[in-house]
S.K.: 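Could you have a look at this structure, given as structure tokens, before my questions?
As the structure is a computational prediction, the values presented were derived from the model and not from experiment. So that the names make sense, note that chain A is the first sequence line, chain B the second, and so on, each numbered from 1. Just so it is clear, the values below take in all heavy atoms, side chains as well, and ignore hydrogens, waters and symmetry mates.
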Amino acid sequence: MSFSVDLINWYQKNKRELPWRNTKNPYYIWLSEIILQQTRVEQGKSYYLKFEKEFPTVRALANADEQKVLNMWQGLGYYSRARNLKKAADQVITEFNGVFPTDYKNLLKLKGVGKYTAAAVASFSKNERVPVVDGNVYRVISRYLNIDEPINTPKSYKIFSEAALELMENSRPDEFNQAIMEFGALHCTPTNPKCDKCPLSDQCTALVLNRVKDLPVKKKKTKVRERFFNFIITNNASGLAIEKRDQKGIWQNLYQFPMIETKNHKHQFSELKKLIETDDRFQNHKVSKVTQIGSDRKHLLSHQRIWARFYEVEFESETVYHESIVRTKSLESYPIPRLIERFVEEEAPHYLK
DNA sequence: AAGCCGGGGCC
DNA sequence: GGCCCAGGCTT
């Protein structure tokens with residue numbers, strides 16, 4: 001039999017029931033695809049249900065403000081997805097008269113929608129004949145056809161999308177695309193693929209050549225940066241001091257305790273005291289007391305290793321701070337990175353209420 | 001083409 | 001500790 005027929009037969013028997021699988025509504029499909037970018041289905045599911053309920057239409061999403069969207073996204077990571085989600089909803093209202101686009105070319109105009117997501121929405125909603133090429137597809141095809149080309153380069157996209165289109169043959173694009181991704185997620189997995197009971201075993205080139213575990217090939221990525229963050233917790237009658245992270249870098253538009261980054265964590269309290277007193281955000285107020293709360297925490301990102309230290313700081317004089325500092329009683333309505341959330345949960349849970 | 005952008009689960 | 005996940009944007 002052919003690849004597509006065997007694949008789709010496998011899919012009919014083994015597919016999962018997922019909340020976004022029984023709709024042709026491009027808005028819901030798009031919402032699920034953004035949430036699932038670089039995210040496992042099990043991790044994204046609850047977020048999808050939450051967003052679908054809070055924003056049942058693209059117009060409801062467009063009417064929300066960014067902070068609300070970020071707050072709901074909190075904990076899922078890659079926050080540019082949430083910022084672009086909101087921007088794309090605005091685009092649908094202003095550039096597409098409130099009608100969610102369903103064709104590949106127009107979908108690509110939406111913020112946060114690249115080739116993968118455009119192909120997914122166009123094929124799932126309207127059966128447009130465009131192949132999806134995600135991590136699963138790279139893996140399945142590189143093994144099936146024994147392709148040594150690294151999958152994480154611009155050049156490889158062309159190779160794999162053309163291969164996928166050929167393998168699709170005359171099958172239904174929505175079904176084929178769903179099937180190949182589900183097959184990669186459940187059967188042709190990165191480690192321990194189920195080759196012994198694979199419906200494609202007699203046609204899989206890598207299996208015949210015993211090269212399954214060598215594929216797909218990936219170019220090595222850069223090593224991680226080490227960073228040292230010192231968070232200043234100052235809490236008094238006027239509230240808890242927090243700041244919004246400015247334009248560039250990680251966690252954009254999320255909130256945190258005022259933070260001072262240092263080259264390492266070798267400094268003493270006296271040196272940190274000086275850093276705080278000469279920092280514009282604290283208006284030259286003199287520090288009367290510094291206490292470290294808890295121990296150093298390690299937080300890993302895809303390409304940064306963050307060592308975080310939290311200090312409780314008291315000032316001698318009345319604490320009027322720089323305008324960039326927000327005072328609040330509770331962090332509840334502010335989007336915060338997981339690093340901060342974890343610290344608060346363990347050391348000061350009352351800040352979350 | 002390379003770097004940047006999270007967080008969680010698995011081995 | 002390293003790898004991967006229903007990727008996309010910026011430089």
S.K.: Categorize A:Leu254 for me: base, sugar-phosphate, or nothing, with a 4.0 angstrom heavy-atom threshold over every strand shown.
M.R.: nothing

S.K.: If you go through the side-chain atoms of A:Arg40, does one of them form a donor-acceptor pair with the base of C:dC4 closer than 3.5 Å?
M.R.: yes

S.K.: Between atom CG of A:Asn230 and atom CD1 of A:Ile276, what is the distance when rounded to the nearest 0.5 Å?
M.R.: 8.5 Å

S.K.: Would A:Met168 and A:Asn177 satisfy side-chain contact (heavy atoms from CB on, under 4.5 Å), going step by step from the backbone distance to the final call?
M.R.: CA-CA 8 Å; A:Met168 188 188 289; A:Asn177 283 341; 3.6 Å; yes

S.K.: How would you label the contact of A:Leu76 with the nucleic acid (heavy atoms, under 4.0 Å): base, sugar-phosphate, or nothing?
M.R.: base

S.K.: Under 4.0 Å between a Lys/Arg side-chain N and an Asp/Glu carboxylate O for A:Arg281 and A:Glu243?
M.R.: yes

S.K.: OP1 or OP2 of C:dG7 versus the side-chain N and O atoms of A:Gln38: is any pair under 4.0 Å?
M.R.: yes

S.K.: Whole angstrom is fine here: how far is it from CG in A:Asn136 over to P in C:dC5?
M.R.: 7 Å

S.K.: 5'-most contact on DNA chain B: A:Thr153 or A:Gly77, nearest heavy atom basis?
M.R.: A:Thr153

S.K.: Using OP1 and OP2 only, check whether a side-chain N or O of A:Lys115 sits under 4.0 Å from C:dC9.
M.R.: no

S.K.: Would you please confirm or rule out a distance under 4.0 Å between OP1 or OP2 of C:dG1 and any side-chain N or O of A:Arg305?
M.R.: no

S.K.: So what does A:Val132 touch, heavy atoms closer than 4.0 Å: a base, only the sugar-phosphate, or nothing?
M.R.: nothing

S.K.: Distance check, P atoms only: B:dG3 and C:dA6, in whole angstrom units.
M.R.: 25 Å

S.K.: Among B:dG8, C:dC4, C:dA6, which is the nearest nucleotide to the side chain of A:Pro190?
M.R.: C:dC4

S.K.: For the side chain of A:Ile250, counting heavy atoms from C-beta on, which of C:dG8, B:dG6, C:dG1 is nearest?
M.R.: B:dG6

S.K.: For the pair made of CG in A:Leu36 and P in C:dC5, what is the distance, rounded to whole Å?
M.R.: 13 Å

S.K.: Between A:Arg129 and A:Asn170, do the side chains contain a donor N or O and an acceptor N or O under 3.5 Å apart?
M.R.: no

S.K.: Which part of the nucleic acid, if any, lies within reach of A:Trp20 when heavy atoms closer than 4.0 Å are counted: base, sugar-phosphate only, or nothing?
M.R.: base

S.K.: Give a yes/no answer on whether the side chain of A:Arg83 brings an N or O atom under 4.0 Å of OP1 or OP2 in C:dG8.
M.R.: no

S.K.: Select one nucleotide: of C:dG7, C:dC5, B:dG6, the one nearest the side-chain heavy atoms of A:Lys218.
M.R.: C:dC5

S.K.: Nearest-Å distance, CG (A:Asn152) to C1' (B:dC4)?
M.R.: 15 Å

S.K.: Would you mind telling me which residue lines up with the more 5' stretch of DNA chain B, A:Asn192 or A:Tyr79, judged by nearest nucleotide?
M.R.: A:Tyr79

S.K.: Measure the distance from CD on A:Gln43 to P on C:dA6 and round it to the nearest whole Å.
M.R.: 11 Å

S.K.: Let me know the distance between CD1 of A:Ile35 and P of B:dC5, rounded to the nearest Å.
M.R.: 22 Å

S.K.: If you check the A:Trp251 side chain, which of C:dC5, B:dG7, B:dC11 turns out closest?
M.R.: B:dG7

S.K.: Kindly say if A:Arg338 contacts the phosphate of B:dG8, meaning a side-chain N or O under 4.0 Å from OP1 or OP2.
M.R.: yes

S.K.: Roughly, in whole Å, what's the span from OH in A:Tyr11 to C1' in C:dA6?
M.R.: 12 Å

S.K.: Tell me: OH of A:Tyr47 to C1' of B:dG7, nearest whole Å?
M.R.: 9 Å

S.K.: Taking CZ from A:Arg143 and P from C:dC4, how many angstroms apart are they, rounded to a whole number?
M.R.: 10 Å

S.K.: Determine the interatomic distance between C1' on C:dC5 and the same-named atom on B:dG6; round to the nearest Å.
M.R.: 12 Å

S.K.: Using the six-membered ring wherever Trp is involved, compare the ring planes of A:Tyr47 and A:Trp73 and label them parallel, tilted or perpendicular (cut-offs 30° and 60°).
M.R.: tilted

S.K.: Please confirm whether the shortest side-chain N or O distance from A:His299 to OP1 or OP2 of B:dG7 is below 4.0 Å.
M.R.: yes

S.K.: Could A:Lys111 and A:Asp90 be called an ion pair, given the rule that one side-chain N must be under 4.0 Å from one carboxylate O?
M.R.: no

S.K.: Just N and O in the side chain of A:Thr39: are any of them under 4.0 Å from OP1 or OP2 of C:dA6?
M.R.: no

S.K.: Regarding A:Glu277 and A:Lys273, does a basic nitrogen lie under 4.0 Å from an acidic carboxylate oxygen?
M.R.: yes

S.K.: For a quick check of understanding: with a heavy-atom distance under 4.0 Å over all strands, which category does A:Lys45 fall into, base, sugar-phosphate or nothing?
M.R.: nothing

S.K.: With sugar-phosphate meaning primed atoms plus P, OP1 and OP2, does A:Gly75 contact a base, only sugar-phosphate, or nothing at under 4.0 Å between heavy atoms?
M.R.: sugar-phosphate

S.K.: Does C:dA6 have OP1 or OP2 under 4.0 Å away from a side-chain N or O of A:Tyr138?
M.R.: no

